Every structure is written in structure tokens, then in C-alpha cells.
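First the structure, in the form of C-alpha cells, and then the observations on it.
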Amino acid sequence: MQEQVAIIVGAGTSGLAIAACLSQQSIPRIILEREDCIASLWKKYSYDRLHLHLAKELSELPYMSFPASYPKYVPKNMFTQYVDDYVSHFKISPMYQRNVESAEYNEVSKRWFVKARNASSVVATGETTNPYIPEVKGLNTFTSEVLHSTQFKSGKDFKNKNVLVVGAGNSGMEIALDLANHGVKTSIIIHILSREMMDFARILVKYLKPSLLESLVVMLSKLVYGDLTKYGIRRPTEGPFYMKRMYGKYPLINVGTCKKIKSGEIQVLPAEILNIRGNDIIFKNGKSHPFDTIVFCTGFKRSTNLWLKGLAKPSIPNHWKGKNGLYCIRLLQRGFYGASIEAQNIANDIKSIM
């Protein structure tokens with residue numbers, strides 16, 4: 001059993017961020033990663049057309065900026081290269097294929113004991129862990145292809161098919177767009193904002209009250225996109241930032257999907273599936289539609305609670321700090337920018353008690 005000052009579970013971007021911050025403080029650490037690579041969600045389980053939805057200056061990891069040559073919204077291949085360069089620069093060497101089975105604090109020795117199994121199985125403790133597909137009545141009768149968004153790569157693989165995208169987060173919106181761009185007959189179950197609106201909000205948040213900023217952004221969205229109800233899209237009664245803060249739901253960032261919806265290339269269907277019978281999907285309004293493929297863009301389930309003992313509900317402002325030397329990054333789902341700040345706070349806190 002090897003003893004370390006800090007053990008990091010997960011070599012996703014959050015794990016790499018805290019590893020770099022600990023290195024800056026000369027604090028010994030190891031990283032346990034259940035996959036066979038860093039940032040596996042980006043490298044192995046994301047679609048080809050994926051880009052960062054926020055400007056690159058808001059998506060940098062601590063102590064290393066994106067190259068000046070990178071575009072404002074960084075594509076997947078450039079982002080993974082940046083992550084590889086980050087690992088090389090900070091000399092981060094995770095222990096791969098280490099599946100954490102338990103982590104428990106011992107009151108007598110005042111130490112954490114972490115048990116990890118060396119296995120080639122597929123815990124990053126960020127916002128995304130195990131792919132989640134909801135229980136849908138009759139799904140087991142669907143005779144064609146059922147995918148989670150982590151298995152989707154490109155719309156070119158679905159030529160001449162009728163595809164239903166379930167889940168209207170940003171992944172769902174982008175995958176639907178990619179399918180439509182490849183001529184696939186696409187339907188989707190769905191505050192839509194543009195990237196520019198998000199950048200605008202990031203600037204104004206320093207000067208306006210949250211409620212005023214929320215109203216302004218919603219007004220801009222209505223002016224830009226107009227009345228979307230005739231296309232099957234209903235606006236939530238609550239604003240996008242309120243929903244992000246209260247429910248962890250990100251606002252939808254439009255990268256071209258709205259145009260496809262208005263042109264009829266993407267069909268918006270009722271938000272609730274009533275039943276599935278073979279290849280026919282019956283919706284709450286009683287109508288049914290046949291599909292060749294279903295892509296579930298329905299997020300992930302955390303697995304942390306299965307092996308970690310002592311994880312308390314986060315509370316602002318020290319939401320990243322638990323008891324007895326336990327720290328967690330991105331529990332409040334504040335993206336790369338939030339993870340960068342939290343990683344630096346954690347490293348400083350560990351340094352202060354050494």
C-alpha cells in the first residue's frame with residue numbers, strides 16, 4: 001500500500017487541473033483513472049463535431065492558456081491536443097485502469113484509505129460518469145439500434161435512416177444538427193441562446209444584478225429566435241441561468257440547430273414518450289412515428305456514492321471542501337472555469353494544513 005499526501009480519483013479535466021495545482025505547490029499526489037487514457041470522455045466518448053460552447057479564455061485549465069492560434073471556440077481535436085500538452089508540461093502520470101472500489105476515512109489513524117482494483121474495466125468524479133438511459137416502456141421491443149450519445153460519432157453513419165434524438169441538452173442539439181447536415185431524417189424531443197449571448201452575459205454579470213441580466217438575455221433570445229412555439233419548442237417559465245443554478249441544467253447553445261428546425265430539416269416532437277412498440281414510438285399526444293435509430297442524449301449517473309464514504313452535500317462558498325481532507329471538484333457543475341478556480345482553492349487549502 002502506497003501512502004500519498006493526495007490521491008486524485010479521475011484523470012478527466014478536473015483531475016488534471018487539481019494535479020497541476022498540487023504540482024505548483026510541490027505537493028506529492030497520484031491519480032487513479034479507471035480508463036486507459038486521460039480525458040476519456042473527450043477522447044473516446046464524444047462525437048466528432050464537438051466544440052467548446054464557451055470562449056477559450058473561459059475554458060482553460062489552471063496555469064496554461066490555449067495557444068494563440070486556436071479559434072475562439074475550440075474543436076475536439078485541438079482540445080485533446082491541449083490536454084495532452086498540459087499533461088506533458090506538468091509531468092502528470094496517472095495510474096490507468098484503476099477502478100476505485102472504496103474510499104473511507106479512518107478516525108483512529110486520521111487517514112483516508114482508498115482501495116482500487118487493477119482491471120481493464122470501464123471513476124471520474126466530475127459532472128459525467130456512467131452513461132444514463134432512462135426506463136422507457138417498450139424499449140426492449142425496439143428492434144433497431146439504440147445508442148447513448150457517448151457512442152455517437154458522426155451523422156455520416158446514419159445515411160438513409162430515420163433517427164430520433166432523445167434529450168435536448170447541448171449534446172442532443174449538436175447531434176441532431178450533425179445528422180441533419182448529413183441528410184438524415186432527424187427528429188428531436190426540447191432558453192435557447194447563442195454563443196455570442198453567453199459571451200455577452202459573461203461580461204455583463206460583473207455589472208448587472210442576476211435578475212436583470214436574466215431578463216435581458218431572455219429578451220435577446222426572443223428577439224433573435226422569435227416565437228418558436230409553432231416549431232414545437234416551448235420556452236421554460238424560468239430563465240436559463242436560474243435553471244443552471246437551481247437544477248444544474250445548462251442553457252441550450254444554438255450552433256445552427258434552430259435554422260434546421262425552422263426549415264423543417266429537424267422535426268421537434270412532444271417531450272414525452274408514452275410507449276414503444278417495435279419500431280413505432282407513441283408519444284403523449286397519441287401520435288406514433290417509426291424510427292430506425294434512437295440516440296439517447298440523456299446524460300450520466302454519478303457513481304461516486306457507490307464507493308465514497310462521507311461525501312456531504314456541497315454548500316457555497318466552500319462547496320469544494322468536505323470533512324477530514326476530502327475535496328470535490330465540479331459538484332456544482334460550473335464548467336471548466338469553475339473547476340479551475342476550485343482546483344486552485346483546493347491546492348492552497350491542502351498547502352495551508354501541511
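Just so you know, these numbers come straight off a predicted model, no measurement behind them.
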Query raised in the report: For the residue pair Phe158 and Phe152, is the inter-centroid distance of their aromatic rings smaller than 6.0 Å?
Result: yes

Report summary line: When every non-hydrogen atom of Ile31 is compared with those of Ala11, the smallest separation belongs to CG2-CB, 3.9 Å

Query raised in the report: How far does CD1 of Ile346 sit from SG of Cys328, to the nearest 0.5 angstrom?
Result: 7.5 Å

Query raised in the report: Just by distance, do the side chain of Thr186 and the backbone of Val184 share a donor-acceptor pair under 3.5 Å?
Result: yes

Query raised in the report: Is the distance between the ring centroids of His148 and Tyr45 under 6.0 Å?
Result: no

Requested in this report: Can you measure from CG (Leu177) to CD1 (Ile266) and round to the nearest 0.5 angstrom?
Outcome: 6.0 Å

Query - Within 6.0 angstrom of Lys110 NZ, more than 12 heavy atoms from elsewhere - result: yes

Report task. Considering only NZ, NE, NH1 and NH2 on the basic side and carboxylate oxygens on the acidic side, decide whether Asp84 and Lys43 come within less than 4.0 Å. Result -> yes

Requested in this report: Going by the side-chain hydrogen bond (donor to acceptor under 3.5 Å, both in side chains) test, name the single residue among Thr141, Thr293, Thr143, Asn162 that passes it with Asn279.
Outcome: Thr143

Query raised in the report: Should Glu174 and Arg49 count as an ion pair when the cut-off is N to O under 4.0 Å?
Result: yes

Report task. Compute the centroid of each ring, for Phe79 and then for Phe336, and state whether the two points are separated by less than 6.0 Å. Result -> yes

Query raised in the report: Judged by atom type as modelled, is there a donor-acceptor pair below 3.5 Å linking the side chain of Glu33 to the main-chain atoms of Glu35?
Result: yes

Query raised in the report: Can Glu145 and Lys161 be counted as an ion pair, charged N to O under 4.0 angstrom?
Result: yes

Query raised in the report: Should Pro62 and Phe90 count as side-chain neighbours, where that means a heavy-atom distance under 4.5 Å?
Result: no

Report summary line: Contacts of Tyr327 meeting ring-ring contact (aromatic ring centres under 6.0 Å, His included) (sequence neighbours excluded), chain-then-number -> none

Query - Reported OG-to-NE2 distance for the pair Ser59 and His53, which is rounded to 0.5 angstrom - result: 10.5 Å

Report summary line: The reported gap from CD1 in Ile276 to CG in Leu139 (rounded to nearest 0.5 angstrom) is 4.5 Å

Query raised in the report: side-chain hydrogen bond (donor to acceptor under 3.5 Å, both in side chains) with Asp292: which residues, sequence neighbours excluded?
Result: none

Requested in this report: Establish, yes or no, whether a centroid distance under 6.0 Å links the rings of Phe66 and Tyr82.
Outcome: yes

Query raised in the report: Should Asn99 and Leu32 count as side-chain neighbours, where that means a heavy-atom distance under 4.5 Å?
Result: no

Requested in this report: Assess whether atom CG of Asn160 is packed by more than 12 heavy atoms of other residues, nucleotides or ligands within 6.0 Å.
Outcome: no

Report task. Determine whether Trp112 and Val100 fall in the same hydrophobic cluster, where Ile, Leu, Val, Met, Phe, Trp and Tyr are linked whenever their side-chain heavy atoms lie under 4.5 Å apart. Result -> yes

Query raised in the report: Does any non-hydrogen side-chain atom of Ile282 lie less than 4.5 Å from one of Lys287?
Result: no

Query raised in the report: Counting only N and O atoms by type, is there a donor-acceptor contact under 3.5 Å from the side chain of Arg29 to the main-chain atoms of Ile7?
Result: no

Query raised in the report: Out of curiosity, Leu164 CG to Lys185 NZ, how far, rounded to the nearest 0.5 Å?
Result: 12.0 Å

Query - Beyond-backbone contact of Ser149 with Ile175, side-chain heavy atoms, under 4.5 angstrom - result: yes

Query raised in the report: Do Val5 and Ile18 sit in the same hydrophobic cluster, where Ile, Leu, Val, Met, Phe, Trp and Tyr count as joined when their side-chain heavy atoms come under 4.5 Å apart?
Result: yes

Query raised in the report: Is the closest side-chain heavy-atom distance between Ile281 and His289 below 4.5 Å?
Result: no

